[in-house]
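Heads up, the thing below is written out as C-alpha cells.
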Protein chains: 2
Amino acid sequence: MVSIKDIAERAGVSYSTVSKALNDSPLVKEETKRRILEIARSMGYQRNLLARHLVSGRTRLIGFGLVNLGNPIFANLTIQLHRALAALDYRMVIAISPDEIDLLNQMRADGLVIWADLVSRHPHLMEELGRWQAKTLVIGTDEPVPLPHVRFDRRAGIAKAVEYLRSFGHRRIGFIGSSQEIKVRAFLDAVQQAGLTPSLDWLYPAEPTFEGGYRAIRYARPDVPMPTAFIGLNNLITKGALRALLELGYRVPQDVSLIGYDNLPDMQFAEVPITTVGPSLEEVADFAAHRVVDMIDGKPGPDAHVIEPILIPRASVERAPDRDDT
Amino acid sequence: MVSIKDIAERAGVSYSTVSKALNDSPLVKEETKRRILEIARSMGYQRNLLARHLVSGRTRLIGFGLVNLGNPIFANLTIQLHRALAALDYRMVIAISPDEIDLLNQMRADGLVIWADLVSRHPHLMEELGRWQAKTLVIGTDEPVPLPHVRFDRRAGIAKAVEYLRSFGHRRIGFIGSSQEIKVRAFLDAVQQAGLTPSLDWLYPAEPTFEGGYRAIRYARPDVPMPTAFIGLNNLITKGALRALLELGYRVPQDVSLIGYDNLPDMQFAEVPITTVGPSLEEVADFAAHRVVDMIDGKPGPDAHVIEPILIPRASVERAPDRDDT
DNA sequence: CAATCAATTAACAACGTGGTTATTCACGAG
DNA sequence: CTCGTGAATAACCACGTTGTTAATTGATTG
C-alpha cells in the first residue's frame, strides 16, 4: 500500500509536508499542495485510518450491542441506528455477546450503544462498562440503570393502549405476553386507571414469539369469556394472536379488537393492519446516535431520557361489540 | 488508558518484555510472565488493537456492503453473516453506500462482502474494488462478474418452482415480479422446459414490495383468465400477492397455488404458510464468510461459486383445480 | 550589506504495538 | 581465571499518521 512517505519521495518533499497538504493545511503553498494531491491521486493513495486513529485517539467507530437478532425489531433498530450514525460520520459495528463488546473496547470504539437486554442478561457487564473509556449508552430499559440510558416508557405505552381501547368502549381486555411482574402490574394498573376492574383472567402468558402469541389465544382456557380486545406485548406475539383469532372464527376488529406493541412498519401488512403503540424506532435511533456522539464530544446531556410511546391507529381496533357483558 | 509501557514501569521491566509476556512468548521466564500478567490485570489493561493492527497489517474487520435494508432478506443476511464471521473471529461493519465502502477500505478492512446490487447500482465501484487491497467477494449476482463472486442461480430456482408446480398438475402459471428481461426469460424458458406453452399473459409486472405484489394481483387485467398457480419473485411480492388473492376470494392453495422466492423463515407465518424456493441464506453466509477469510489468508478457492436454490414445501401449493382449461 | 521577517518546508517525537537484535548475567568447562 | 554458552531481558526499529519545533529560503529594511 502506498503511504505518505512514498508520495513524499515521489514529490521530492518531506512526508510531513505531504501530511499537511493532504489535510489542506494553510502552512503549505497552494502550488505544492496541488502538485502533491495530484501525485497522491495518481498513485492511488488511500489514507490509513488506523494510523490516524492511533495518534488522534478517536476511531469514529461505535459499537451496537444487542441480543436476539431473531425479532425484526432488532433488525429495524440496527438499520435505523446505522442510518443515524452514518449521518454523523460514524461507523457502526455489531456485537451480540459480551466477548464481542470486549473486542469493541479493545478496538477503541469511541462509543457503545447497548440494548438493555444484553446487560441484564450479563450482569457483570454493567460495572465493566462503567470503567471503560468508550462512552456507553444503554437503550431500551424499562427501569433506570446506573449508566446513561434511554428508557422506553412501556408503562405509559400500555396505559395508552388501554385508554385507547377504553375510548372505544372495551371493558374486558386481554393482555398477551410476558408474565414478568413489572409488565403485568403496568397493565393491571392501567386498567384500573381506566376505571375498569381488572381480573387475572385477563392475562394470557406467552413466549415472545409468533408461536407464543398464537398458542396463548388458540389454546386459551375455555372457561374464560373472550375479551373484546387484546393487547399484544410485542410485534411477534401480536401477529401470532391475530392469526389464532382469525382461525377461531373471530373477525378483527368487528368481534375482537387488537393493539400490538412495537411500531414496526410491517404491522400494517398483517391480515388486518394492526394498530400499534410503542416508541418510534427512528426517534430512538436518532436520539441515541446524537446522545452518544455528544458524550464522546464531552457535551453535556441528560443521563436518562425517556422516549414517549406513540400510538399509530390502524384497522384493528373498532367499537366493542355488544357481547361485552360487564 | 493504560499501555504496556505503564505496565513495564510498574513491573520494573522493559516494555518489550511486557509485550512478550502478554503474548505468552517462551522467551520470558514463567515467573516474570505471571507477575506481569497479574499487574496488567490489576491495572485494568486492555490491549490496543489499533496499534496491533497497524503493525500486523491485519484488522480482522470485514465490511458488508448492501443496498436496501428495507427488504427483510437483507436484515436476515446481515444476521447470518455476522454470525458466520464472528465464528471465524472477524468483526463486521455495515456499509450501504460507496462512500462507506471507501471508508472501510481506508480503515484497512481485511475483506469486503458486497451485495451485487450495490456494485450494479454504482458501476464505477467494480473497477475500484479490483484495485483495492481488501479482498472482495460479491454475493448475490445473477450473472458472472469480473470479481470473485457467489452467484445465486435464480434461473435454476425459477425452473425448480415451475417444475414443482407442474408436478402438481398446474398448466397455467403466473409470474409476479420484475419485468427485467433476464428474469422473464428464465421464467419463460422454464415453462417451456416443463412442456407448457408460455404466454406473455402470464407475466404480472410488479415492484419488489408488498404493495407491488398486492397491486399486481388485485388490479390484474380482467380479460386474462386466472392462473392456477403463481410464482412471486421475492418475499414481499409474494406476501402482497397472497393478500390480494385472499381478498379476491380465492382460497390458497385450493383455488390458487403460490410459491415465493427467498427462503425467509417468516414466510411460514403468512396467512397460509408459503412454499418457497431460493438460496439458503445460512449457506450463503457461511460460504461467503469462509471464502473471504480464505482469500485473506491467501488460500486458493473458486473465483465463482454457485449456490443451488432449495425448495421448501409448505402449505401454499396443492393439486391444480379443475378450472384449468388448457 | 547585515539583520529581520514571513513564508515555506524539513526534521522529529509521539501514539501502542510486534518483532529483531543487542546486552546482561550466571554458570560450567577448560 | 577466562571463555564460551544459554537464558533472560533490554534496546531499538517499524507500522503510518498528526502535531510541534527547527531549519531553510527569499525578500525587505535600516
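This structure is a prediction, so every number in the text was calculated from the model and none was measured.
At a threshold of 4.0 Å, the pair B:Arg91-B:Asp110 does not count as salt-bridged, since none of the basic side-chain nitrogens sits closer than that to a carboxylate oxygen. We find that A:Glu31 and A:Arg34 are not joined by a salt bridge, their nearest charged nitrogen and carboxylate oxygen being 4.0 Å or further apart. A salt bridge links B:Arg41 to B:Glu38: one of the charged nitrogens lies within less than 4.0 Å of a carboxylate oxygen.
An OP1 or OP2 oxygen of D:dT9 is reached within less than 4.0 angstrom by a side-chain nitrogen or oxygen of B:Thr32. Contact annotation: B:Asn48 side-chain N/O to C:dC15 OP1/OP2 distance is not under 4.0 Å.
Within 4.0 Å (heavy atoms only), B:Ser19 reaches at least one base atom of the nucleic acid. Here B:Ser56 lies out of heavy-atom contact (under 4.0 Å) with every strand. Residue-level contact check: A:Leu27 touches the bases, meaning some heavy atom is under 4.0 Å from a base atom.
Nucleotide D:dA7 holds its C1' atom 14 Å from the CD atom of B:Glu31, rounded to whole Å. Remark: C1' of D:dA8 and NZ of B:Lys33 are 12 Å apart, rounded to the nearest angstrom. When rounded to the nearest whole Å, the span between CE of B:Met43 and P of C:dG16 equals 13 Å. Taking atom CD on A:Gln106 and atom P on C:dT17, their separation rounds to 10 Å, with Å as the unit. Atom NE2 of A:His53 and atom C1' of D:dT18 are 12 Å apart (whole Å). One interatomic measurement links the two molecules: NZ of A:Lys29 to C1' of D:dA27, which rounds to 13 Å at whole-angstrom precision. Atom CG in B:Asp24 sits roughly 14 Å away from atom P in D:dA8 (whole-Å rounding). Protein atom CD of A:Gln133 is 11 Å distant from nucleotide atom P of C:dG16, rounded to whole Å.
Closest approach to the A:Val28 side chain among D:dA10, C:dT9, C:dG16 is made by C:dT9 (side chain taken as heavy atoms from C-beta onward). The B:Val55 side chain lies nearest to D:dC15 when the options are D:dA10, C:dC12, D:dC15. Nearest to the side chain of A:Leu54, among C:dC15, D:dC15, D:dT18, sits C:dC15. Here C:dT17 is the nucleotide among D:dA10, C:dC12, C:dT17 with the atom lying nearest to any side-chain atom of B:Tyr45. Set against C:dT8, D:dT9, C:dA10, the side chain of A:Thr17 has C:dA10 as its closest nucleotide. Distances were taken from every side-chain heavy atom of B:Ala51 (C-beta onward) to each of C:dG19, D:dT9, C:dG16; the shortest belongs to C:dG16.
Between B:Arg35 and B:Arg108, the one whose closest nucleotide on DNA chain D sits nearer the 5' end is B:Arg35.
Around atom NZ of B:Lys135, no more than 12 heavy atoms belonging to other residues, nucleotides or ligands sit under 6.0 Å away. In the displayed structure, B:Arg83 atom CZ is contacted under 6.0 Å by more than 12 heavy atoms of other residues, nucleotides or ligands. In A:His290, the NE2 atom is not crowded: 12 or fewer heavy atoms of neighbouring residues, nucleotides or ligands sit closer than 6.0 Å.
Scanning atom types as modelled, one donor and one acceptor separated by under 3.5 angstrom connect the side chain of A:Lys20 and the base of D:dT20.
In this structure a side-chain-to-backbone donor-acceptor pair under 3.5 Å is missing from B:Arg151 to B:Ala304.
Ring geometry for A:His305 against A:Phe287 counts as parallel: the plane angle stays under 30°, on a 0 to 90° scale with 60° as the upper cut.
Heavy-atom distances under 4.0 Å link DNA chain D to A:Ile4, A:Lys5, A:Tyr15 of residues 4-15 of chain A, given in residue order.
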